[in-house]
Undergrad: 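Quick one: this structure, given as structure tokens, is what I'll be asking you about.
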Amino acid sequence: MKPIVTRFAPSPTGALHIGGLRTALFNYVYAKQNNGKFLIRIEDTDTERSTKEFEKNILDNLTSIGLQPDEDPINQSERNAIYLKAAEKIFQSGNAYWCDCSQDELEEMRREQTAAGKKPMYDGRSRNLGLERSNKTVLRLATPENGEIIVNDLIRGEIKFNNNELDDLILLRSDGSPTYHLCNVVDDYEQKVTTVIRGEDHISNTPRQIHIQNALGYPELEYAHLPLVLGTDKKRLSKRNAATSLEEYRDKGYLDSAILNSLARLGWSQGENEVFYLDDLIKDFNIKDVQKAGAIFDITKLDWLNSQHLSKLNLDEFKDLLEPFLNNMGININDHENVDLLIDSLRTSDNNLSGIATQLFPYYKDIKDYDYDAIKKFLSNNNILHDLKEILINLEDWNEESINHLLTKYQHENNLKVPQVNQPIRIALTGKTKSPGLGLTLVIFGKKLAIKRIEELIKICDK
RNA sequence: GUCCCGUUCGUCUAGAGGCCUAGGACACCGGGUUUUCAUCCCGGCAACAGGGGUUCGACUCCCCUACGGGAUGCCA
């Protein structure tokens, strides 16, 4: 059996899209689990919309997330001669003809067909005219008029198309440039692709491409048409309904492994497992188990998956990944006397790294804004804060246990409720009423800074 | 319009004719742990698009309808 070769063929008309990333992932996983190759082809024949920046973005992102191609990517824009040769071959074999219908004429034809309740399609009027090539002619494939094409889809089974539903598609434009279908078919052959895994929006392109393959005498390919990734409005995921670029998710602090995990779970599942890494997918993924219906991309599931992946990191790994997010806020992660304790205590404070970095801010930098509602609630008078400051100043042994002991003692002696003692300190230290256990929080801050923060809040309350 | 693909809890899904009183996960709601928050634990809510067949029996097979998506380009 031939080794499996898959490919991801993006158009560089935008940054790497997470829908595209999912297609790439399935291609990569399928190739790897079959000891095959995963290739990339840049479909940049649309010179109007394609850019080198997007191309670089797509390639860099795929590589950095772990979906490296097994060969250097190829660009369609550089392979014109190959396509022209293939077109010539089809023409020579009598499976293509020149057509000089103008755009206006075609439009008129479609209008009439639609008006007559028929499917608008090219009627093959130039097919037997034996026209010569000119700067006004396009090369059209002579599609068989009878019979049918059966696409055997790994996910959907057999899909039948009647040849009479298909019109004679254009292979070469009047400016001599090759069209998408031709390039696609030729490249899949040239790259020795065996399996085409792509979005279901390509299903109806498939029989057309098979006709081109047949005209060229190419072998059959294996197909798998993936269900689309949808936005919450059930429309195809796009900038209109969600963040679409991989970078946006990375910038928010979602882990690569969590992003890949959530993308894989869109349309595929295995038993009752939810957490998967790339290696797990290579081991357990089965293309035949992929769902047929489109799947809505739910950010809350990604949130949860991210927290799962975050929790599996050891502290050093966690710190390394968190660091850039702190840097973005002008914080040096090591600029704290109890870094490890601090990070370890706050690592579950949010489900993404940028959120955690935000939580960490008051532990590194001066408090930007206090929760004034909380101040109103817990500090209607600040006698308690004064008392606590004195008590803490006099505490020699600054550890979690002794701090907790002192605070509890103060609470009992003054007949106060727990929050009446604790929340003022929390607000003083972090600006808000949330923090790890109070003794622990005070230890993290250290005596000097803790006292300083309490004094600052006393000043604010005195105003 | 025509052709193609699809339709199980709000969301992702399990389900290959009896194992289904339709399972899991996220979200949500409630409870517990935590002096607060998060984590964690326990519990709850919630779905087979509709209608016909086939069958002793249908979420599962067939047909129709509805709805959604795609194609119908000298875009990819």
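Residue numbers start from 1 in every chain, and the chains themselves are labelled A, B, ... in the order their sequence lines are given, proteins ahead of strands.
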Undergrad: Any strand counts, and the cut-off is 3.5 Å on both contacts for Watson-Crick or G-U wobble. Which nucleotide pairs with B:A49?
TA: B:U65
Undergrad: If you measure from the C1' atom in B:C37 to the same atom in B:G44, how many Å do you get, rounded?
TA: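 Each nucleotide's C1' atom is 24 Å from the other's.
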Undergrad: For B:G1 and A:Arg110 - does any side-chain N or O of the residue sit under 4.0 Å from the phosphate oxygens OP1/OP2?
TA: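 Checking A:Arg110 against B:G1: no side-chain N or O falls below 4.0 Å of OP1 or OP2.
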Undergrad: Looking at A:Ser349, does any N or O in its side chain come under 4.0 Å of the phosphate oxygens OP1/OP2 on B:C37?
TA: no
Undergrad: Would you say the side chain of A:Ile90 lies within less than 4.5 Å of the side chain of A:Leu216, judging by non-hydrogen atoms?
TA: yes
Undergrad: Kindly say if A:Thr45 contacts the phosphate of B:A76, meaning a side-chain N or O under 4.0 Å from OP1 or OP2.
TA: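 Checking A:Thr45 against B:A76: at least one side-chain N or O falls below 4.0 Å of OP1 or OP2.
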Undergrad: Once you apply the 3.5 Å cut-off to both distances, tell me the Watson-Crick or G-U wobble partner of B:U39, or none.
TA: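 None - no nucleotide pairs with B:U39, as no candidate has both distances under 3.5 Å.
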Undergrad: For A:Lys292, which contact category applies under a 4.0 Å heavy-atom criterion: base, sugar-phosphate, or nothing?
TA: sugar-phosphate
Undergrad: What I want to find out is whether A:Lys52 reaches A:Glu55 closely enough, with some N-O distance under 4.0 Å, to be called a salt bridge.
TA: yes
Undergrad: Under 30°, 30 to 60°, or over 60°: which ring-plane class applies to A:Phe285 and A:Trp268, parallel, tilted or perpendicular?
TA: tilted
Undergrad: If only side-chain N and O atoms of A:Arg156 are considered, is one of them under 4.0 Å from the OP1 or OP2 phosphate oxygen of B:G70?
TA: no
Undergrad: Between A:Lys56 and A:Glu53, is the closest basic N to carboxylate O distance under 4.0 Å?
TA: no
Undergrad: Nearest to the side chain of A:Ile296 - B:G69, B:C74, B:U11?
TA: B:U11
Undergrad: How far, in whole Å, is B:G51 from B:C67 if one measures between their C1' atoms?
TA: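 Approximately 15 Å lies between the C1' atom of B:C67 and that of B:G51.
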Undergrad: With rounding to whole Å, what would you report as the distance between B:A76 and B:C12 at their C1' atoms?
TA: 29 Å
Undergrad: Can you label the angle between the A:Tyr249 ring and the A:Tyr254 ring as parallel, tilted or perpendicular, going by 30° and 60°?
TA: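 Geometry flag for A:Tyr254 against A:Tyr249: tilted rings.
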Undergrad: Set out, in order, the CA-CA distance, both residues' side-chain angles and the distance that settles side-chain hydrogen bond (donor to acceptor under 3.5 Å, both in side chains) for A:Thr137 and A:Arg133, then state yes or no.
TA: CA-CA 6 Å; A:Thr137 58; A:Arg133 175 173 206 171; 5.4 Å; no
Undergrad: Give A:Phe297 one of three labels, base, sugar-phosphate or nothing, depending on what nucleic acid heavy atoms sit under 4.0 Å from its own.
TA: nothing
Undergrad: Less than 4.0 angstrom between a side-chain N/O of A:Lys160 and OP1 or OP2 of B:C4, yes or no?
TA: no
Undergrad: Taking pairing as Watson-Crick or G-U wobble with both contacts under 3.5 Å, can you name the mate of B:A22, or confirm there isn't one?
TA: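 Base-paired to nothing in any strand shown.
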Undergrad: Go ahead and name the base partner of B:C28; Watson-Crick or wobble counts if both distances stay under 3.5 Å, otherwise write none.
TA: B:G44
Undergrad: Considering only B:U2, B:A71, B:A76, which nucleotide approaches the side chain of A:Glu165 most closely?
TA: B:U2
Undergrad: Expressed in whole Å, how much space separates the P atoms belonging to B:G17 and B:C62?
TA: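 Between the two P atoms, the distance is 12 Å.
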Undergrad: Angle between ring planes, A:Trp98 versus A:Phe91, binned at 30° and 60°: parallel, tilted or perpendicular?
TA: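 A:Trp98 and A:Phe91: tilted rings.
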Undergrad: Assign each of A:Glu158 and A:Lys234 to its nearest nucleotide of RNA chain B by heavy atoms, then name whichever residue's nucleotide is nearer the 5' end.
TA: A:Glu158
Undergrad: For A:Gly14, report the nucleic acid contact type (base, sugar-phosphate, nothing); a contact means any heavy atom under 4.0 Å.
TA: nothing
Undergrad: Between B:A14 and A:Gln270, is there an OP1 or OP2 to side-chain N/O distance shorter than 4.0 Å?
TA: no
Undergrad: Would you mind checking if A:Asp123 and A:Arg125 are paired as a salt bridge, meaning a charged N to carboxylate O distance below 4.0 Å?
TA: yes
Undergrad: Check whether A:Tyr122 forms a cation-pi arrangement with A:Arg140 (NZ or CZ under 6.0 Å from the six-membered ring centre, at most 45° off the ring normal).
TA: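 Yes - A:Arg140 lies over the ring of A:Tyr122, closer than 6.0 Å to its centre and within 45° of its axis.
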Undergrad: Does B:G1 have a Watson-Crick or wobble mate here (both distances under 3.5 Å), and if so which one?
TA: B:U72
Undergrad: Looking at A:Asp201 and A:Arg236, is any side-chain nitrogen of the basic one under 4.0 Å from a carboxylate oxygen of the acidic one?
TA: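 The answer is yes: the pair qualifies as a salt bridge.
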Undergrad: For the side chain of A:Leu438, starting at C-beta, report the closest nucleotide among B:G70, B:U35, B:U2.
TA: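 Nearest to the side-chain atoms of A:Leu438, counting from C-beta on, is B:U35.
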Undergrad: Is there a Watson-Crick or G-U wobble partner for B:U34 with both distances under 3.5 Å, and if so, which one is it?
TA: none
Undergrad: Do A:Arg347 and A:Leu313 make a side-chain contact, defined as non-hydrogen atoms from C-beta onward lying under 4.5 Å apart?
TA: yes
Undergrad: Could you give the distance separating B:C5 and B:G52 at their C1' atoms, to the nearest angstrom?
TA: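 The answer is 23 Å between these two C1' atoms.
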Undergrad: In residues 405-421 of chain A, what residues come within less than 4.0 Å of RNA chain B, judged by heavy atoms?
TA: A:Val418
Undergrad: Roughly how many Å apart are B:U8 and B:C3, using the C1' atom of each and rounding to a whole number?
TA: 28 Å
Undergrad: Looking at the side chain of A:Thr348, which of B:G24, B:G69, B:U39 is the nearest nucleotide?
TA: B:U39
Undergrad: Among B:C4, B:C26, B:A76, which is the nearest nucleotide to the side chain of A:His202?
TA: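 Looking only at heavy atoms from C-beta outward on A:His202, the closest nucleotide is B:A76.
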Undergrad: Expressed as a whole number of Å, how far does the C1' atom of B:G69 sit from that of B:U33?
TA: 47 Å
Undergrad: If you check every side-chain atom of A:Arg208, which of B:A76, B:C12, B:U72 has the closest atom?
TA: B:U72
Undergrad: By nearest atom, which of the nucleotides B:U72, B:G23, B:A76 is closest to the A:Asn205 side chain?
TA: B:A76
Undergrad: Would you mind telling me which of B:C37, B:U72, B:C74 lies closest to the side-chain atoms of A:Arg140?
TA: B:C74
Undergrad: Could you check which of B:A25, B:C4, B:C75 has an atom nearest any side-chain atom of A:Trp304?
TA: B:A25
Undergrad: How about A:Tyr277 and A:His309: are their ring centres within less than 6.0 Å of each other?
TA: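 Ring centroids of A:Tyr277 and A:His309 are less than 6.0 Å from each other.
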Undergrad: Listing time: all N or O pairs from protein to nucleotides 45-50 of chain B that are below 3.5 Å?
TA:
none

Undergrad: Please tell me which of the listed nucleotides, B:C5, B:G24, B:U72, lies nearest to the side chain of A:Glu200?
TA: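 For A:Glu200, the side-chain atoms sit closest to B:C5.
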Undergrad: Expressed as a whole number of Å, how far does the C1' atom of B:U39 sit from that of B:A14?
TA: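 Result for the C1' pair: 28 Å, nearest Å.
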